[in-house]
Structure formats: structure tokens, C-alpha cells
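What follows is a set of notes on a single structure, which appears directly below.
Each ligand, and each atom within it, is numbered from 1 in the order the structure gives. Residue numbers run from 1 in the order of the sequence given. Basis for what follows: all heavy atoms, side chains included, without hydrogens, waters or symmetry-related copies.
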Amino acid sequence: MDINIFEGVKTPFYYYDKALLEQTLDAIEACTAGTPMKVHYAIKANSEPEILRIISARGFGADCVSGNEIKTAIECGFLPENIYYAGVGKTDEEILAGIDFGIGCFNIESLEEIDILAELASERGKQVTVALRVNPNIDAHTHEYITTGLKENKFGIDLRVLDDAVKKVKASEYLDLGGLHFHIGSQITISEPFKILCDRINELQAKFRLDGIDFRFFNVGGGLGIDYDNPEENPIPDFATYFDTILSSLHLKEGQEVHCELGRAIVAQCGSLISKVVLVKKGLDKNFVIIDAGMSDLIRPALYGAHHKIENISAVGKPADKVYDVVGPICESSDVFGKDELLPETQRGDLIALRSAGAYGSAMASHYNMRDLPGTLIR
Ligand SMILES: *Cc1c(COP(=O)(O)O)cnc(C)c1O
């Protein structure tokens with residue numbers, strides 16, 4: 001990281017490496033060109049307009065989870081027909097906005113929502129395409145807060161009532177059943193859960209075919225993980241294995257598409273939270289590096305117990321032979337970025353980079369403690 005470009009920029013701020021984002025998108029395109037795979041970007045991971053424009057320029061679709069995300073996606077160049085809208089509690093206002101914008105698909109998460117959407121679509125006199133989000137009951141082996149594909153979960157429709165849901169959609173002239181939608185969790189770094197998901201989809205496809213029901217697409221959701229420990233060695237996720245697993249496991253029929261909704265895998269590695277050391281506090285047993293970024297800027301460590309690689313970018317090349325706890329200034333004991341971190345001798349004024357922070361970083365920033373939101377530098 002060339003810290004000269006940070007000269008005069010007020011800390012803390014998110015720095016996004018545009019070249020790495022473009023290379024990541026190139027890698028995705030190289031794996032999906034000429035296949036039935038359509039990639040959607042999950043906007044909730046990072047909704048910086050400049051980042052959205054870079055992604056929409058590739059012709060990707062957008063996975064949105066609120067009315068404001070739909071509006072922003074359209075403003076930033078995503079075509080309405082490539083916008084899919086998911087969420088367990090879409091308000092009437094948000095649904096009507098989606099219908100009026102002419103978005104491509106509503107991902108439905110409950111039987112109740114089918115009735116609501118049918119009613120609102122009939123109010124507008126427009127037919128809308130829907131996908132039913134199925135809870136496939138797969139353990140993705142990730143953190144409990146970010147595993148969504150298991151039973152007893154607010155997301156998705158239970159397999160046992162899926163038949164009823166399909167019938168309900170088919171019964172409404174205002175709803176067009178496009179496909180089935182799945183999302184089994186996040187930060188998944190092994191192929192096994194995706195393979196199991198594809199097997200489950202094949203079973204469902206075979207079962208519904210017997211009932212004379214066909215789907216135009218299957219949406220396998222997002223969830224591909226990244227290497228938080230080694231951002232330098234693995235700046236781009238293993239897209240080849242991911243797409244190969246899905247494309248080779250699914251038994252697609254002629255003309256069927258498969259969709260995915262990647263968030264983290266697209267934007268995480270291109271972003272770092274850059275912060276300044278306010279002071280180094282010498283404790284009795286520990287030394288604390290207190291930085292000007294806190295959980296209001298990057299909440300993942302406090303919320304999920306996540307760890308972002310910490311680098312002192314003002315002391316590059318110096319031996320990492322000192323042990324520090326790296327903490328933020330916020331009045332919460334969970335406002336800790338790293339315990340017993342090996343760093344070079346660190347001083348007041350040094351710049352600290354929290355790596356792999358492009359996803360669920362700035363997007364989850366808050367004004368807690370009445371702090372300013374972090375800044376942005378895209379280069
Ligand atoms: C959050 C989310 C995604 C994106 O997840 P990543 O782990 O960032 O890829 C995709 N689909 C749905 C339905 C989501 O809720």
C-alpha cells in the first residue's frame with residue numbers, strides 16, 4: 001500500500017483499490033462468460049456509488065434488500081430488469097416502488113408475503129416475476145449469526161410448505177413463478193455446502209417436473225468467502241472452484257439459467273479501513289495501540305468476532321516484534337480490533353490499515369458516540 005496517496009486525507013477512512021476491484025470482476029467474467037451463470041452483486045455489502053457504477057458497467061445484476069437499495073442501484077446504472085429484491089419484511093411502500101420501477105424479480109420469503117405481493121401487483125395492474133426463497137436446511141459451517149440456511153430461521157420458506165407456496169403463486173394471475181432462490185450463509189470457504197445445495201436443487205427440480213412445474217432459473221444466493229488472514233497472498237477469491245462446483249453439479253435443462261448473488265467475494269479485499277494511532281498506552285501487562293477508528297466505522301469484530309488483518313503501514317519493513325492490543329476509542333469493551341497483535345514498534349501518528357474491509361464495513365458504519373462517518377478514498 002502506497003501511503004503517499006493518503007497524504008492529507010482525514011482519518012479514519014475507507015480506501016478502495018479500484019484496480020483490484022476491476023481484476024476481481026475480470027476473474028468472475030473469465031469464469032462465467034458463455035455459461036448459463038448470471039452474477040448479481042449483493043449491494044448490502046457495499047453501496048458506495050462509485051463502486052456500484054464500476055460493477056454495473058460490467059452488466060451484472062443487483063441483489064437488493066430495501067427500497068433505497070433498489071433506488072440507488074438504478075441511479076448507479078443497474079438495469080431494473082436485472083434487479084432482484086429479497087427480504088423477509090418488505091414494506092408495502094418498498095414493494096410498490098419495486099413494481100413501479102419494473103424490477104426483474106421479487107424473492108419471496110413466506111406464504112404470507114405471496115398474498116401481499118399478489119394484492120399490491122393487482123392494485124397496480126401489473127404482473128411481477130417472483131422466486132420462492134427456499135430454506136434448504138444446510139449447515140454452511142460458518143458463524144451462527146451468518147448461517148441462514150438452517151431450519152428454524154426467519155429466512156425462507158420451509159421445504160415442507162414449498163408445495164403450498166408454489167400452488168399459491170400459480171393461482172395468482174399477477175404472479176409469474178420464475179424460479180427458486182436459496183442463500184445458505186456467508187463467508188463459506190469450502191465447496192461442500194455449495195455442492196450439497198446443488199444436489200438439493202436437482203432433487204427439487206426433478207420433483208417439481210413430475211408435477212409439471214418448470215423453473216426458468218435457480219438462484220444459489222451468495223456466501224462465497226474470502227481469505228481474511230492473507231489478503232496479500234489471496235486478493236482474489238477462488239472463483240474457478242466456486243463456479244465450477246455450481247455449474248458442474250447442477251443439472252440444468254435447456255435454456256435454464258443459474259443466478260448467484262455475491263457480495264463479500266466481490267468487494268471485501270479491495271477495501272481497507274485506514275486509521276491513525278491516537279496514542280500508545282502502556283499498561284501493566286499489556287500495551288494498547290489506540291486508533292481513531294472504532295466499531296462505529298467497522299463493526300464486524302464487535303458483532304461477529306471477526307478479525308481483520310492489522311498492518312502498521314507507516315512502519316513497513318520494520319520487524320514485527322512488539323505485542324499490542326489494537327483498540328478503538330468507543331465506550332464499549334467490545335471495541336477491539338485485535339488482541340496480542342504482533343506489530344512493529346508503533347507510535348502516535350502511525351497509520352494502521354485494517355485489511356479486507358470492503359464488505360460490510362462502510363455499509364454498516366454508524367454515528368454511535370455521535371462520531372462522524374468514516375471517509376472514502378477510491379483510487
Ligand atoms: C447477504 C446476502 C447475500 C450476499 O452475501 P455474501 O456473503 O456477501 O456473498 C446474497 N443473498 C442474500 C439473500 C443475502 O441476504
task = Give yes or no for whether the N/O distance cutoff of 3.5 Å, strictly under, is met between Gly223 and ligand 1.
result = yes

Donor on one side chain, acceptor on other, Thr91 and Glu94, under 3.5 Å = yes

Interfacing atoms of ligand 1 (cut-off 4.0 Å, heavy-atom, Lys44) = 1 (C), 2 (C), 3 (C), 4 (C), 14 (C), 15 (O)

message = Under a 3.5 Å cutoff, is there a donor and acceptor pairing between the side chains of Asp244 and Thr241?
response = no

query = Is the distance between the ring centroids of His308 and Tyr228 less than 6.0 Å?
reply = yes

query = Numbering the atoms of ligand 1 from 1, which are under 4.0 Å from a heavy atom of Ala42?
reply = 3 (C), 4 (C)

request  = Provide the number and element of each atom of ligand 1 under 4.0 Å from a heavy atom of Arg133.
outcome  = 13 (C)

For atom 12 (C) of ligand 1, closest protein heavy-atom neighbour = Glu261 OE1, 3.5 Å

note = Quick note on ligand 1: atoms under 4.0 Å from a heavy atom of Ser186 include exactly 6 (P), 7 (O)

ask   = Is any N or O atom of Gly263, backbone or side chain, closer than 3.5 Å to an N or O atom of ligand 1?
value = yes

key: Shortest protein contact, atom 8 (O) of ligand 1 (heavy atom only)   = Tyr360 OH, 2.5 Å

inquiry  = Please tell me whether His259 and Glu261 have a donor and an acceptor in their side chains that are separated by less than 3.5 angstrom.
reply    = no

task = Return yes if a side-chain donor-acceptor contact under 3.5 Å exists between His181 and Tyr84, otherwise no.
result = no

task = State the atoms of ligand 1, each with its element, that fall below the 4.0 Å cut-off from a heavy-atom position in Arg264.
result = 6 (P), 8 (O), 9 (O)

query = Is the NZ or CZ atom of Lys90 both under 6.0 Å from the centre of the six-membered ring of Tyr85 and within 45° of that ring's axis?
reply = yes

query = Is any side-chain heavy atom of Glu109 closer than 4.5 Å to a side-chain heavy atom of Ile157?
reply = no

request  = Heavy-atom contacts with Asp63 under 4.0 Å: which atoms of ligand 1 show up? List them by number with element.
outcome  = 10 (C), 11 (N), 12 (C)

